[in-house]
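The structure under discussion appears below in the form of structure tokens.
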Amino acid sequence: MTSPIPPVRVRYAPSPTGIPHIGNIRTALFDWILARQTGGQFIVRIEDTDRSRYDAAAEKAIFESLKWLGLDWDEGPDKGGPHAPYIQSERKQMYIDAAERLVESGHAYYDDTTPEELHALRERQRAAGQPPRYDGRGRHRSPEAIEESRQNGLPITIRLKVPDHGTVSFEDSVRGKVSFELKEIDDFVILKSDQMPTYHLAHIVDDHAMGITHVIRGDEWISSTPRHLMIHKALGIEPPEYVHVPLILGKDRSKLSKRHGATSALEYRDQGYLADAIFNFLALLGWSPGDDTEVMSRDEIVRRFSIDRINDSPAIFDSEKLEWMNGVYIRNMDADQLMDQILPFMERPESEGGLPDTVARPIDRVYLKRLIPLVHERLKKLTEATETLDFFFADNVSPEASDLPGKKMDAEMTERALTAALELCKTAAPFEPEHLEAEYRALAEKLNMKPGQLFSPIRVAITGKSFAPPLFDTMSAVGQKRCIERISNAIGILRAG
RNA sequence: GGCCCCAUCGUCUAGUGGCCCAGGACACGGCCCUCUCAAGGCUGAAACAGGGGUUCAAAUCCCCUUGGGGCUACCA
């Protein structure tokens with residue numbers, strides 16, 4: 001069903017100005033999938049041409065996100081490659097050369113308009129009810145005038161000459177044909193006064209030099225694509241295939257932002273989501289295989305992915321569905337894998353969601369391994385392990401008196417249940433789940449209670465919670481000694497309450 | 001404001017003119033299973049934004065309206 005296409009060269013080109021959010025990472029995901037599917041290359045390039053917004057922590061987070069999701073790259077800043085360097089600030093001269101070449105060929109010109117003049121121009125246009133647009137005044141500046149401004153230390157930029165009439169159009173892989181009127185586009189800056197290129201120039205020079213075949217990027221770039229086409233034309237080079245993918249929106253339909261809670265891949269990692277689940281979920285946000293399959297391995301996604309099945313419309317990030325899918329992935333793991341994943345979360349400090357600090361680290365792996373089957377299918381997120389398992393590790397628990405009675409039970413009946421449960425607990429042997437269950441069921445009958453009525457107070461007494469893993473597995477794992485202590489403690493709480 | 005993009009259940013989506021009084025999944029309700037909570041099974045409610053065309057036939061094609069989003073920087 002997927003039309004086989006020749007090997008692609010695709011790149012993820014984030015700017016290190018902030019932690020990449022999930023929508024941004026999804027384009028990297030699509031890049032990676034396509035590269036792996038076609039046997040092509042996935043390239044990472046850092047677009048740090050805005051020196052004022054550079055953030056080293058953001059750059060670190062970019063690579064950490066990719067690594068966590070398993071999106072390995074073939075060429076990049078750390079790995080090098082045939083087109084190194086892969087950091088734009090280190091490629092500065094290439095852009096300067098390209099811009100100057102465009103000036104020489106008459107496609108671009110030096111402009112000495114100051115920011116203040118530009119601002120004033122826009123204000124005037126706005127006041128007159130006109131769209132703010134650069135008026136092309138620099139086109140008429142003589143070389144001498146530019147040189148004089150340069151001598152005087154005025155900022156000089158290079159702008160592309162955009163024809164004032166005509167149409168540009170291109171065939172987008174997901175949108176189809178998109179057209180723009182050139183009269184809507186002004187002469188835009190390609191080389192800033194600090195000699196750094198703008199995004200427009202830089203990415204085109206690089207994509208061409210690096211042999212990029214498909215530019216996969218967010219929808220927000222679609223309106224600047226005509227500018228990119230004009231640069232290609234001026235440079236005399238062929239544009240790549242454009243793949244504009246729909247944006248990912250938050251619950252309120254606005255662009256995903258901090259207000260919507262977690263937005264970066266790393267935050268999801270820290271909240272106990274699995275990389276495979278995020279991978280699967282993200283792939284399905286804006287793409288679908290065409291049938292009802294939802295849970296798919298990486299291999300299956302790589303095999304079935306195709307650009308023409310990418311959706312046109314923006315998607316809202318549904319965290320509830322993500323949580324469900326994460327649960328599916330947890331259930332599909334084997335016990336050892338799950339234990340490895342859970343351990344670091346449980347060993348975090350108590351203040352960060354780990355077990356109480358009174359529980360010794362490292363956690364007893366042998367004991368934990370025994371507990372995994374009891375909670376395996378109950379977990380949706382790795383972070384939940386702490387709260388579902390804490391009572392196994394604690395010395396004691398403190399249930400509320402009001403939580404102890406089961407359905408249709410008063411305090412007297414609850415006390416009777418616990419007292420009898422305590423006696424049986426002292427004598428029960430072996431302290432194994434099946435045996436315990438048989439004994440306690442018999443006890444319920446003897447007490448003329450429903451099994452659930454007897455079990456309920458015991459559960460709360462032993463776990464401190466009204467819901468927990470199956471009672472007799474739990475009791476067996478907690479151990480006879482602690483069970484006796486906890487039940488008698490609960491009786492005390494009940495009497496006091 | 002101008003330009004561009006988008007529009008199927010609350011959400012993610014299937015649907016590329018007849019197979020659709022629209023299928024799946026999450027979430028939600030009911031039932032079953034059951035010692036609680038899960039998991040699992042069955043089941044229910046829930047959508048083609050509106051209006052015009054084109055056609056024997058439209059969720060699917062065209063136009064308009066409405067709504068949402070993006071861009072409009074010497075940011076990416």
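Each chain gets a letter, A, B and so on, in the order the sequences are listed, and its residues count up from 1. Everything quoted here is computed from the prediction, not taken from an experiment.
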Using heavy-atom distances to pick each residue's nearest nucleotide on RNA chain B, tell me which of A:S224 and A:K407 is more 5'. A:K407
Which residue lies more 5' along RNA chain B, comparing A:G286 with A:T114 via nearest heavy atoms: A:G286
Answer yes when [X] and [Y] have at least one side-chain N-carboxylate O distance shorter than 4.0 Å, and no when they do not.
{"X": "A:D186", "Y": "A:R227", "answer": "yes"}
{"X": "A:D172", "Y": "A:K177", "answer": "no"}
{"X": "A:D194", "Y": "A:K192", "answer": "no"}

Could you pull out the protein-nucleic contacts involving nucleotides 32-35 of chain B (nitrogen or oxygen on both sides, under 3.5 Å)?
from, atom 1, to, atom 2, distance (Å)
B:C35, OP1, A:R441, NH1, 3.4
B:C35, OP1, A:R441, NH2, 2.3
B:C35, O2, A:R459, NH2, 2.1
B:C35, N3, A:L471, N, 3.3

Could you tell me the Watson-Crick or G-U partner of [N], where both distances fall under 3.5 Å? Say none if there is no partner.
{"N": "B:C26", "answer": "B:G10"}
{"N": "B:G1", "answer": "B:U72"}
{"N": "B:C61", "answer": "B:G53"}

Protein-nucleotides 29-31 of chain B N/O pairs under 3.5 Å:
none

So if I take every side-chain heavy atom of A:S288 and compare against B:C74, B:U13, B:G15, which nucleotide ends up nearest?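 Closest nucleotide to the A:S288 side chain: B:U13.
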N/O contacts under 3.5 Å, protein versus nucleotides 25-28 of chain B?
from, atom 1, to, atom 2, distance (Å)
B:A25, O4', A:E294, OE1, 3.2
B:A25, O2', A:E294, OE1, 2.5
B:A25, N3, A:K321, NZ, 3.0
B:C26, O2', A:K321, N, 3.3

Does any pair with a residue in residues 155-170 of chain A pass salt bridge (charged side-chain N to carboxylate O under 4.0 Å, His left out), and if so which ones, sequence neighbours excluded? A:D111-A:R159
Considering only residues two or more places apart or on different chains, which pairs with a residue in residues 462-471 of chain A satisfy salt bridge (charged side-chain N to carboxylate O under 4.0 Å, His left out)?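 Listed once each, the pairs are A:D390-A:K465.
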Would you tabulate the nitrogen or oxygen pairs shorter than 3.5 Å linking the protein to nucleotides 2-6 of chain B?
from, atom 1, to, atom 2, distance (Å)
B:G2, O2', A:E184, OE1, 3.4
B:C5, O2', A:R175, NH1, 3.1

